[in-house]
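Note sheet for the following structure.
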There are 2 protein chains.
Amino acid sequence: MANDRAPTRIQRKNRAAILDAALNVFSAHGFRGATVDQIAAEAGLSKPNLLYYFPSKEAIHTALLSGLLDTWLDPLRALEDNGDPLEEILGYVRRKLQMSQELPRESRLFANELVQGAPRIHEALSQDLKALVDEKAALMERWMDQGRIARVHPYHLIFSIWSLTQHYADFDVQVRAVLGEEDPFAGAPDFLETLYRRLLTPRP
Amino acid sequence: MANDRAPTRIQRKNRAAILDAALNVFSAHGFRGATVDQIAAEAGLSKPNLLYYFPSKEAIHTALLSGLLDTWLDPLRALEDNGDPLEEILGYVRRKLQMSQELPRESRLFANELVQGAPRIHEALSQDLKALVDEKAALMERWMDQGRIARVHPYHLIFSIWSLTQHYADFDVQVRAVLGEEDPFAGAPDFLETLYRRLLTPRP
DNA sequence: TCATGATTTGACCATCTGGTCAAACTCACG
DNA sequence: CGTGAGTTTGACCAGATGGTCAAATCATGA
């Protein structure tokens with residue numbers, strides 16, 4: 001059995017292959033829409049073989065989500081009180097947008113989970129995520145008190161960054177259907193920079 | 001059989017009940033995650049009875065989507081060249097936000113479909129939706145040419161309105177988990193009005 | 001009222017799905 | 001090379017799922 005000793009070479013390879021395949025399938029069909037057979041096929045394993053590495057479909061999903069949640073929140077964690085507040089926030093926007101471009105599957109994995117009520121990560125949202133957002137919102141509020149950025153509702157400001165950047169990954173089909181040939185990520189960075197500059201530049 | 005003659009009273013009632021139940025189930029679980037039994041139960045019908053009114057699960061889904069697409073795009077259609085451009089756009093934002101508040105199931109239905117690659121409405125997106133957006137983007141571009149609103153990429157402007165408003169319906173769980181007690185729709189209208197005023201107010 | 005079409009249902013079916021298991025195979029290392 | 005742990009698989013299972021059908025029930029207007 002795959003116990004909790006140091007993983008063998010084969011274990012590492014197969015676990016990684018399974019998680020990658022699961023990311024493809026879960027992000028494309030949601031939890032209930034994904035099938036173990038499909039994940040196994042995509043990972044190049046038989047179904048029983050896959051279930052030798054993870055005890056259940058649920059376990060794969062959980063492993064994926066919890067393994068990715070940290071990565072997902074890293075850009076926000078990196079928002080700190082160094083230098084110019086506006087540049088800090090613009091940096092966060094840029095990093096988030098870049099993640100949408102480079103990790104669209106991860107974005108859609110979370111989008112699927114959230115839009116369906118987040119039954120499996122609700123706790124992480126109201127614990128870890130809330131704590132992190134509370135902290136960063138407080139930081140932004142301090143910047144506003146000091147007049148270094150314009151005053152807006154800090155939580156809604158954070159929501160806006162999430163929604164504006166993840167939109168390009170989560171609703172990629174729609175964006176591309178509307179834009180036609182034009183690459184979404186050509187115009188997005190400029191648009192978002194303009195938006196947040198105008199929103200947050202301190203006004204007299 | 002339910003043919004194409006004028007629908008009876010019972011037909012109207014049951015079809016409506018089915019579509020309402022289907023909206024609940026599809027918006028909560030996505031297409032593959034929804035089951036016919038679940039929809040039938042929620043509509044207060046037996047499964048064979050439900051399948052007497054719609055030939056298949058797919059047919060229910062299609063009927064729902066195409067019936068709702070028009071409603072969904074109405075606010076954008078209402079954006080026209082009357083009065084002040086900025087107020088026109090703010091009105092659009094307000095209507096969209098109101099829809100997120102009042103019709104969250106509809107929003108999540110589309111969100112589910114889009115995030116999973118929109119296999120069933122891809123055509124409507126690249127035909128009707130694209131045409132409508134092209135038209136309204138052109139209108140906005142005219143306003144920008146006339147200096148009546150500040151210049152930004154008109155397509156990304158429209159995407160931003162979609163993402164910022166629908167976020168509150170689609171990712172409701174996350175928003176509420178982070179906000180705690182505070183009602184999301186308390187702060188959202190002000191935040192969005194401020195955002196679009198600052199973004200679009202013509203600058204010297 | 002009663003005949004006829006509309007509506008409803010229990011029983012059923014084929015397929016899919018998550019998961020199990022014992023047997024077979026492979027690999028690393030003494 | 002042999003051996004025991006690690007790995008893989010074909011066959012299988014129970015329950016869920018989309019869908020069918022003939023028979024029963026209901027509603028309505030002539």
Side-chain angles (χ1 to χ4, degrees), chain A residues 1-65 112-113 116 119-120, chain B residues 1-65 112-113 116 119-120:
Chain A
M1 225 245 275
N3 55 26
D4 50 0
R5 315 208 140 276
T8 69
R9 182 175 44 86
I10 296 178
Q11 270 175 38
R12 249 197 308 278
K13 195 192 73 179
N14 282 345
R15 284 185 158 262
I18 291 168
L19 289 176
D20 187 70
L23 180 54
N24 282 334
V25 179
F26 283 131
S27 68
H29 301 290
F31 181 76
R32 284 175 64 165
T35 77
V36 176
D37 287 281
Q38 213 178 334
I39 298 171
E42 200 133 336
L45 299 174
S46 65
K47 182 166 59 165
N49 199 180
L50 179 149
L51 289 166
Y52 168 74
Y53 290 100
F54 289 89
S56 69
K57 178 182 173 181
E58 177 100 31
I60 305 173
H61 195 247
T62 302
L64 249 192
L65 281 176
N112 259 301
E113 181 69 10
Q116 296 183 8
R120 274 163 272 277
Chain B
M1 223 246 274
N3 55 26
D4 49 2
R5 315 206 140 276
T8 69
R9 184 173 41 86
I10 296 177
Q11 268 173 40
R12 249 196 308 280
K13 195 192 74 180
N14 282 345
R15 284 183 160 264
I18 291 168
L19 289 176
D20 187 70
L23 180 54
N24 282 335
V25 179
F26 282 131
S27 69
H29 301 290
F31 181 76
R32 286 176 66 168
T35 77
V36 177
D37 287 280
Q38 214 178 334
I39 298 171
E42 200 134 336
L45 300 173
S46 67
K47 182 167 60 168
N49 199 180
L50 179 149
L51 289 167
Y52 168 74
Y53 290 99
F54 289 88
S56 70
K57 177 182 172 182
E58 177 102 32
I60 306 173
H61 195 247
T62 303
L64 247 194
L65 281 176
N112 259 301
E113 181 69 10
Q116 297 183 9
R120 274 163 271 276

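Below, chain A is the first sequence line, B the second, and so on; all start at residue 1.
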| query | Any side-chain N or O of Q11(B) less than 4.0 Å from the OP1 or OP2 oxygen of dA6(C)? | reply | no
| query | What integer distance in Å separates L45(B):CG from dT7(C):P? | reply | 12 Å
| What closest approach, in Å, do A21(A) and I39(A) show between heavy atoms, and which atom pair accounts for it? | CB-O, 3.5 Å
| request: Report yes if the side chains of E113(A) and P119(A) come closer than 4.5 Å at any heavy-atom pair, otherwise no. | output: yes
| query | Quick one: is S46(B) getting a side-chain N or O under 4.0 Å of the dT9(C) phosphate, OP1 or OP2? | reply | yes
| N14(B) side chain N/O closer than 4.0 Å to the phosphate oxygens (OP1, OP2) of dT8(C)? | yes
| Can you tell me how far C1' of dG19(D) sits from CD1 of I39(B), to the nearest Å? | 14 Å
Under 3.5 Å, which N/O atoms of the protein pair with N/O atoms of nucleotides 14-22 of chain C?
residue: dG18(C); atom: OP1; partner: A34(A); partner atom: O; Å: 3.1
residue: dG18(C); atom: OP1; partner: K57(A); partner atom: NZ; Å: 3.0
residue: dG18(C); atom: OP2; partner: V36(A); partner atom: N; Å: 2.8
residue: dG18(C); atom: N7; partner: K47(A); partner atom: NZ; Å: 2.7
residue: dG19(C); atom: OP2; partner: K57(A); partner atom: N; Å: 2.8
residue: dG19(C); atom: N7; partner: K47(A); partner atom: NZ; Å: 3.3
residue: dG19(C); atom: O6; partner: K47(A); partner atom: NZ; Å: 3.3

| For V25(A) against A34(A), the heavy-atom pair lying closest together | CG1-CB, 3.5 Å
| query | Is there a side-chain contact between F26(B) and K57(B), using heavy atoms and a 4.5 Å cut-off? | reply | yes
| said: On the nucleotide dT7(C), are OP1 or OP2 found under 4.0 Å from the side-chain N or O atoms that N49(B) carries? | reply: no
| said: Going by side chain to side chain contact (heavy atoms under 4.5 Å, CB included), F54(B) matches just one of V36(B), L19(B), T62(B), N14(B). Which one? | reply: L19(B)
| request: Decide yes or no for H29(A) and Q38(A): does some side-chain heavy atom of the first lie under 4.5 Å from some side-chain heavy atom of the second? | output: yes
| query | Under 4.0 Å: is that the gap between some side-chain N or O of Y52(B) and OP1 or OP2 of dT7(C)? | reply | yes
| said: Using side-chain heavy atoms (C-beta onward) and a distance below 4.5 Å, is N24(B) in contact with D20(B)? | reply: yes
| query | Are any non-hydrogen side-chain atoms of F31(B) and Q116(B) less than 4.5 angstrom apart? | reply | no
Below 3.5 Å between N/O atoms, which protein atoms pair up with nucleotides 26-28 of chain C? Just atom names and distances, please.
residue: dA28(C); atom: OP1; partner: R9(A); partner atom: NH2; Å: 2.5

| request: Taking only the side-chain nitrogens and oxygens of Y53(A), find out if one of them lies under 4.0 Å from OP1 or OP2 of dT8(D). | output: yes
| task | Would you confirm whether R15(A), through its side chain, and Y53(A), through its main-chain N or O, come within 3.5 Å as a donor-acceptor pair? | result | yes
